[in-house]
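Everything below concerns the one structure shown next.
None of the values given here were measured: they were computed from a predicted structure. Just so you know, residue 1 is the first one in the sequence shown, and it goes up from there.
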Amino acid sequence: MAKKAKQTSAKRVAYEKKEQAQGEKVVKWIIGVLIVLAVIYAGWSIYMVA
């Protein structure tokens, strides 16, 4: 029984690491998209004022 518990624990730890890496990747994409949108908006607003 202890062997199965260790395997389950190892799978859980691996899954948590995978989820954390995926989460960080998603956050970086969201931040990148927001920065791009901010640059586009700044350019658009400068164009509209000029």
By the definition side chain to side chain contact (heavy atoms under 4.5 Å, CB included), identify the one residue from Val33, Val27, Val26 that meets it with Ile30.
Val26

Tell me whether Leu37 is reachable from Ile46 by hopping between hydrophobic residues (I, L, V, M, F, W, Y) whose side-chain heavy atoms are closer than 4.5 Å.
no

If hydrophobic residues (ILVMFWY) are linked whenever their side-chain heavy atoms come closer than 4.5 Å, directly or via other members, who joins Met48 in its cluster?
Tyr41, Trp44, Tyr47

Residues pairing under ring pair (Phe, Tyr, Trp, His ring centres under 6.0 Å) where one sits in residues 4-32, two or more places apart or in two chains, turn out to be none

Which residues satisfy the side-chain contact (heavy atoms from CB on, under 4.5 Å) test with Ile40, sequence neighbours excluded?
Val36

What is the distance from atom CD of Glu24 to atom CD of Gln20, rounded to the nearest 0.5 Å?
5.0 Å

